[in-house]
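Working notes, structure below.
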Amino acid sequence: MATDSDVLAALMSRRPGFSLPQPFYTDAGFYDCDLRNIWYKDWLLTIAAPEVPKTGSFVTLQIGNAPVLIVRGADGAIRAFHNSCRHRGSRICAAERGRNAKLTCPYHQWTYDLDGSLVYAREMHEDIDPADFGLKPIHCETAAGIVFICLAKDAPDFAPVKAMAEKYASPHDITNLKVAATRSIVENGNWKLVMENNRECYHCAGSHPLLCRTFPDDPNLIGSFEGTSVTVGEDHVRRCEAAGMPSRFYMEPNGQWRFVRIPFIGDACSYTEDGTPAVTKRVGQVPFDNAGSLLFFHYPNTWNHMLSDSVTLFRMTPISPTATQVYTTWLVHADAEEGVDYDVDRLTRVWIQTNLEDQAVVEENQRGILSPAYEPGPYSSLQETGVIQFIDWYAATLQQRLTGRSNTMAAE
Ligand code: FES
């Protein structure tokens, strides 16, 4: 299996502006290096706060080898824990989501409070101190109603993300929305191929006929650099900002995350087949229907669309060198009534279709990269600036972590 030295050597020899050498997309050692240096160290978007609406509501997810449990406590706080029992390590919650008054391990019934403290361990010796065996916490922050976690022992500063998320997303009031639908698919492709595909619309005209009815595939609008985005979307940005919605392109200095509000094509208001709203009740304080989409990506695992009638969150988690889970959540106004104010099928159809189309192109990309004939090819400087930006962030981040300070998971 490739070592970190092999990864570093490959990084140093990569050709900027070209796709990565084959092992970055296929090799178990390179994948393990990604987990340890990216996925176990960076903030990751997980759920919307309304996905755990009540005391004891929980969601589970898997980040590489780390099972994670996110639960709302009796005090209303949302916390994250390693989903691994302090007795002999069993997963405590296997369900994807649910609600419990306490967290009881199914193996021997050790029981934890919602704040992670051990409250019951039957027939153990008296010298076991429960305070030593609480669930291991994971850094957990909520920003604008979106829950992020970080598995690192020392998490990067979250304050800039939180401040900017609350500024840009506040008109959508995610905290007070409700979940209308969720969908999970597994794409048989390396996680970086999933993100690369997301960061360009070079493929959209050929792959996404439904999405292209409303979503502009102009790279000058959805690219990754302020000059291009502002030029084409300037009128829309000015109109939205004048109405109180922060909209202007903002990218974090290291390029890890970005906000920008873009217009839809023509009079379209939502990602529906005819562009009309999917929900009759607008979210939050968005002042008009044709507010376009507030785009928010945060590497390594998420891209999102915040509209006037709904918010759609996308997160991915790596499963193996060549498989990635993509999870989609649709949120609507808490008072919107299914069958009256919206139809779930109409609300979700475009992105369900688009996700399946993306799955197909990612899987064909992976199959072709597995070929012994594969070699890195050039990204388009007109159409794939977002991909170039992502790969440059990835390469710079990994290189810095392989050569700089070490960091370890909180559980280690
Ligand atoms: Fe959880 Fe034994 S492993 S109670």
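For ligands, and for the atoms within them, numbers begin at 1 and follow the listed sequence. Keep in mind the model is a prediction, meaning the values are calculated, not measured.
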>> Using the rule ring pair (Phe, Tyr, Trp, His ring centres under 6.0 Å), only one of Phe296, Phe249, Phe297 pairs with Phe259; which is it?
In response: Phe296

> Would you say Cys85 has an N, O or S atom lying under 2.8 Å from atom 2 (Fe) of ligand 1?
Replying inline: no

Which ligand 1 atoms are under 4.0 Å away from a heavy-atom of [X]?
{"X": "Ser90", "result": "3 (S)"}
{"X": "His87", "result": "1 (Fe), 2 (Fe), 3 (S), 4 (S)"}
{"X": "His108", "result": "2 (Fe), 3 (S), 4 (S)"}
{"X": "Trp110", "result": "4 (S)"}
{"X": "Cys105", "result": "1 (Fe), 3 (S), 4 (S)"}

>> Taking CD in Glu375 as the centre, count heavy atoms belonging to other residues, nucleotides or ligands within less than 6.0 Å. Is the count above 12?
In response: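 12 or below, so no.
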
> Does any donor atom in the side chain of Asn290 or His236 lie under 3.5 Å from an acceptor atom in the other side chain?
Replying inline: no

> Would you say the side chains of Asp42 and Gln256 form a donor-acceptor pair under 3.5 Å?
Replying inline: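 The criterion, which ignores hydrogens and geometry beyond distance, is satisfied for Gln256 and Asp42.
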
>> Considering non-hydrogen atoms of the protein only, which is the closest contact for atom 3 (S) of ligand 1, and what is the distance?
In response: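 Ranked first by proximity to atom 3 (S) of ligand 1 is Arg88 N, 3.4 Å.
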
> Does a salt bridge link Arg14 with Asp392, judged by any charged N lying under 4.0 Å from a carboxylate O?
Replying inline: yes

> Ring centroid separation for Trp39 and Trp191, is it under 6.0 angstrom?
Replying inline: yes

